[in-house]
Each structure stands twice: as structure tokens, then as C-alpha cells.
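Remember, it's a predicted structure, so these values are computed and weren't measured experimentally. Worth knowing before you read on, the calculation uses all heavy atoms, side chains too, and leaves out hydrogens, waters and symmetry mates.
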Amino acid sequence: PNGKLVEIPAAKAMLEEAVREGEQVARAEGVDLPEDPLIRTIQVCRDTATNISSMLQDVRAGRTTEIEAITGEIVRRAAAHSLKTPMNLELLKRVRELRHG
């Protein structure tokens with residue numbers, strides 16, 4: 001469930017790093033972020049604490065996930081700005097591995 005992402009220390013650390021990397025890329029792209037993305041992400045995790053993410057549902061059902069459109073895009077845009085996104089790259093790799101067995 002989404003709530004576990006902020007309850008389990010290792011998961012929360014990964015979430016925080018991924019969000020901060022995404023924030024850095026968004027700023028490099030000139031995106032005006034009206035609020036702190038990490039605070040908003042944590043709130044969404046809490047608000048949807050019992051939900052199972054659509055990406056996990058897709059993995060479980062053997063369907064294509066939106067990983068390329070979300071995390072893949074962060075990684076691609078980061079590269080265009082010579083930014084490093086090691087956590088997003090790791091998450092992209094892990095979900096690809098889940099998808100392809």
C-alpha cells in the first residue's frame with residue numbers, strides 16, 4: 001500500500017531521493033513548482049495509504065507500466081541537462097526487470 005512508502009525508513013529514503021531528483025530536473029526544465037514536491041508526495045502517500053499503486057497493479061497483472069513515461073522521462077531530461085538521477089535510474093531499472101521477469 002502507498003502508506004508503506006512513508007512508514008518504512010528505507011522506502012521513505014528512496015522516495016525522498018527520487019522526488020528531489022525529479023524536482024531538480026523540473027527546475028532545470030524551467031518548471032515553476034508551486035509547492036514543495038516532497039511534502040506533496042508524502043501527503044499523497046498518506047492520503048492514499050491503503051491504495052495499491054497503479055504501477056504495482058500493472059506489474060502484478062503482467063501489463064505494461066507507465067515507468068517509461070514517468071521515471072524514464074525524468075532520467076532522459078536529466079541527461080539533457082547533465083544532471084545525475086541515480087535513484088530514478090535505479091527505480092527505472094527495477095521496474096523494467098519486474099516487467100521483463
Side-chain angles (χ1 to χ4, degrees):
N2 292 345
K4 296 293 182 189
L5 293 171
V6 294
E7 292 174 9
I8 300 169
K12 187 175 181 190
M14 292 171 70
L15 175 139
E16 289 174 355
E17 187 175 346
V19 170
R20 290 300 183 207
E21 289 174 3
E23 177 183 15
Q24 181 182 24
V25 173
R27 293 193 190 288
E29 288 280 309
V31 175
D32 180 30
L33 301 169
E35 60 185 303
D36 184 317
L38 182 57
I39 291 171
R40 180 71 181 129
T41 301
I42 289 170
Q43 189 60 52
V44 168
C45 287
R46 289 184 177 139
D47 290 348
T48 62
T50 60
N51 293 6
I52 302 298
S53 73
S54 63
M55 195 173 308
L56 180 54
Q57 291 178 49
D58 288 340
V59 167
R60 288 177 172 170
R63 295 185 298 258
T64 300
T65 71
E66 67 270 25
I67 194 72
E68 297 298 333
I70 300 172
T71 308
E73 191 64 18
I74 290 170
V75 169
R76 285 185 290 278
R77 289 180 184 244
H81 293 282
S82 298
L83 298 172
K84 304 242 185 263
T85 54
M87 182 54 64
N88 278 276
L89 202 54
E90 178 65 22
L91 294 171
L92 181 61
K93 177 183 161 196
R94 288 183 185 194
V95 174
R96 283 175 176 165
E97 287 172 354
L98 288 172
R99 174 72 177 110
H100 299 293

Exercise for the section: Classify the side-chain pair Thr48/Asn2 by whether it contains a donor and acceptor separated by less than 3.5 Å. Expected result: yes
Is there a side-chain contact between [X] and [Y], using heavy atoms and a 4.5 Å cut-off?
X     : Y     : value
Glu68 : Arg76 : yes
Arg46 : Ile42 : yes
Thr71 : Glu66 : no
Cys45 : Lys4  : no
Leu33 : Val31 : yes

Linking I/L/V/M/F/W/Y whenever any side-chain heavy atoms sit under 4.5 Å apart, do [X] and [Y] land together?
X     : Y     : answer
Val25 : Ile70 : no
Ile74 : Leu83 : yes
Ile67 : Leu56 : no

Is the backbone N or O of [Y] less than 3.5 Å from a side-chain atom of [X], with the two atoms forming a donor-acceptor pair by type?
X     : Y     : answer
Asn51 : Ser53 : no
Gln57 : Ile52 : yes
Glu21 : Met87 : yes

Could you pull out the closest heavy-atom pair between [X] and [Y], with the gap in Å?
X     : Y     : answer
Ala49 : Pro1  : O-CB, 3.1 Å
Ala78 : Thr85 : CB-CG2, 3.5 Å
Leu91 : Ala18 : CD1-CB, 3.8 Å

Practice task
Could you go through the side chain to side chain donor-acceptor pair (under 3.5 Å) check for Gln24 and His81 one step at a time?
Solution key: CA-CA 10 Å; Gln24 181 182 24; His81 293 282; over 6 Å; no
Handout entry: Val59/Thr65 under side-chain contact (heavy atoms from CB on, under 4.5 Å): CA gap, chis, key distance, verdict
Key = CA-CA 7 Å; Val59 167; Thr65 71; 3.6 Å; yes
Handout entry: CD on Glu35 to CD on Gln43, rounded to 0.5 Å
Key = 9.5 Å
Fill in the blank from the handout: To the nearest 0.5 Å, atom CG of Asn88 lies from atom CE of Met14 at 10.0 Å
Fill in the blank from the handout: Glu23 meets the salt bridge (Lys or Arg N to Asp or Glu O under 4.0 Å) criterion, sequence neighbours left out, with Arg20, Arg27
Exercise for the section: Flag the pair Glu97 and Arg94 as a salt bridge only when some basic side-chain nitrogen lies within less than 4.0 angstrom of an acidic carboxylate oxygen. Expected result: no
Problem - Salt-bridge criterion met for Glu29 and Arg77 (N-O under 4.0 Å) - result: yes
